[in-house]
2 protein chains.
Amino acid sequence: MVKPVLPGHPARGSKSGRPIMLLLDLLGRRWVLRLVWELREGPKRFRELQMAIGASPTIINERLAELRAAKLVELDTASGYRLTALGTELLHLFLPLHAWSEKWAKRLSA
Amino acid sequence: MVKPVLPGHPARGSKSGRPIMLLLDLLGRRWVLRLVWELREGPKRFRELQMAIGASPTIINERLAELRAAKLVELDTASGYRLTALGTELLHLFLPLHAWSEKWAKRLSA
DNA sequence: GCGGTTGCTACAATTTCCGTAGCAACATCG
DNA sequence: CGATGTTGCTACGGAAATTGTAGCAACCGC
């Protein structure tokens, strides 16, 4: 069991509970960025996420629980897992990465 | 030894070599986001990074090697590790996270 | 020479993650 | 009613990643 990311709990590698450290801790955990990314176009089921990402259900579930505790993702029984309002805000901050990654890849292969 | 993030090498959990997947893979590895963040205000020495982050030198070195292979970080023997031009671009995409994380933390504690 | 800093490595112990199998709850269809 | 399918999720043994500690070789100033 991994420590939850919540106010008062210091992030791994940081004695302070500064929000940016908590956020970097959460987003730096394996598959978390991918999970948020996979939900960018709407809700997905547990197994859909599992298939799309290719990770074990154990860790998918653990990461989803962390994202739910962080109020970035929620489970709607009718449609599946989806981003909350907060999660959608976060996703929008990440969208520029898509275009930038193309530029970056060209520089790498050059 | 972890697979390097380079064109042609598919990212973990993705059969395609799409740049965004490579990038999310790289950034999702433990301590990578923290490392980029710690270099935001200028170069730092290996041991400075180690102290600031609190991770083992083994993994600090491995992640720095990956970031160097990705041309996001470089080592200047006179001043230490620093962001490349590409790395600085990436950092700028992440800077809005700082302000947003404060808002997020308030929502969590509410 | 001597002490300090540099980046970095070795290696055993611990933690995390994977891969597979499967469960309980619920819905749907006959 | 039973049978079948889908849902989210868990157990558990093996594999992989990470930690913590110690220390090395190269370099610089004195």
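- Atom P of nucleotide D/dT6 and atom CG of A/Leu75 are separated by 18 Å, given to the nearest angstrom.
- Remark: B/Arg68 engages B/Tyr81 in a side chain to side chain donor-acceptor pair (under 3.5 Å) (not counting sequence neighbours).
- Taking atom CZ of A/Arg29 as the reference point, atom P of D/dT18 lies 14 Å away to the nearest angstrom.
- Here D/dA17 presents its C1' atom at 11 Å from CD of B/Glu66, a figure rounded to the nearest Å.
- Note on residues 69-85 of chain A: pairs passing salt bridge (Lys or Arg N to Asp or Glu O under 4.0 Å), not counting sequence neighbours, are A/Glu74-A/Arg82, A/Asp76-A/Arg82.
- When the side chain to side chain donor-acceptor pair (under 3.5 Å) test is applied to B/Lys103, the partners found at least two apart in sequence or on another chain are A/Glu89.
- Here B/Arg63 reaches the OP1 or OP2 of D/dT18: one of its side-chain N or O atoms lies under 4.0 Å away.
- One can place NZ of B/Lys44 at 14 Å from P of C/dT6, the figure rounded to the nearest angstrom.
- Taken from CG in A/Leu75 to CG in A/Leu64, the straight-line distance is 9.0 Å, to the nearest 0.5 Å.
- Atoms CG (B/Asn61) and P (C/dG7) sit 10 Å apart, rounded to a whole Å.
- Atom CG of A/Leu49 and atom P of D/dG8 are 9 Å apart (whole Å).
- Within the structure, ring pair (Phe, Tyr, Trp, His ring centres under 6.0 Å) contacts touching residues 48-75 of chain A (residues at least two apart or in different chains) do not occur.
- With sequence neighbours excluded, the residues that form a side chain to side chain contact (heavy atoms under 4.5 Å, CB included) with B/Val36 are B/Leu67, B/Leu83, B/Leu91.
- Here the side chain of A/Trp104 pairs a donor or acceptor atom with the backbone of B/Ala70 at under 3.5 angstrom.
- Under the ring-ring contact (aromatic ring centres under 6.0 Å, His included) criterion, A/His92 pairs with no residue at all, not counting sequence neighbours.
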Give every donor-acceptor pair under 3.5 Å between a side-chain atom in residues 43-50 of chain B and any protein atom, sequence neighbours left out.
unit_1, atom_1, unit_2, atom_2, d
B/Lys44, NZ, B/Glu38, OE1, 2.9
B/Arg45, NH1, B/Thr77, O, 3.2
B/Arg45, NH2, B/Thr77, O, 3.3
B/Arg45, NH2, B/Ala78, O, 2.7
B/Glu48, OE1, B/Arg45, N, 2.8

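- Distance CD (B/Glu62) to C1' (C/dG7): 16 Å, rounded to an integer number of Å.
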Sort me out a list of protein N/O and nucleotides 13-15 of chain D N/O pairs below 3.5 Å, or just none if empty.
none

Check: protein-nucleotides 19-25 of chain D nitrogen or oxygen pairs below 3.5 Å:
unit_1, atom_1, unit_2, atom_2, d
D/dT19, OP1, B/Trp31, NE1, 3.0
D/dT19, OP2, B/Trp31, NE1, 3.4
D/dG20, O6, B/Thr58, OG1, 3.1

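- Proximity of A/Arg45 to the phosphate of D/dG8: a side-chain N or O atom is located under 4.0 Å from OP1 or OP2.
- The nearest whole Å value for the distance from the CG atom in A/Leu64 to the P atom in D/dT7 is 15 Å.
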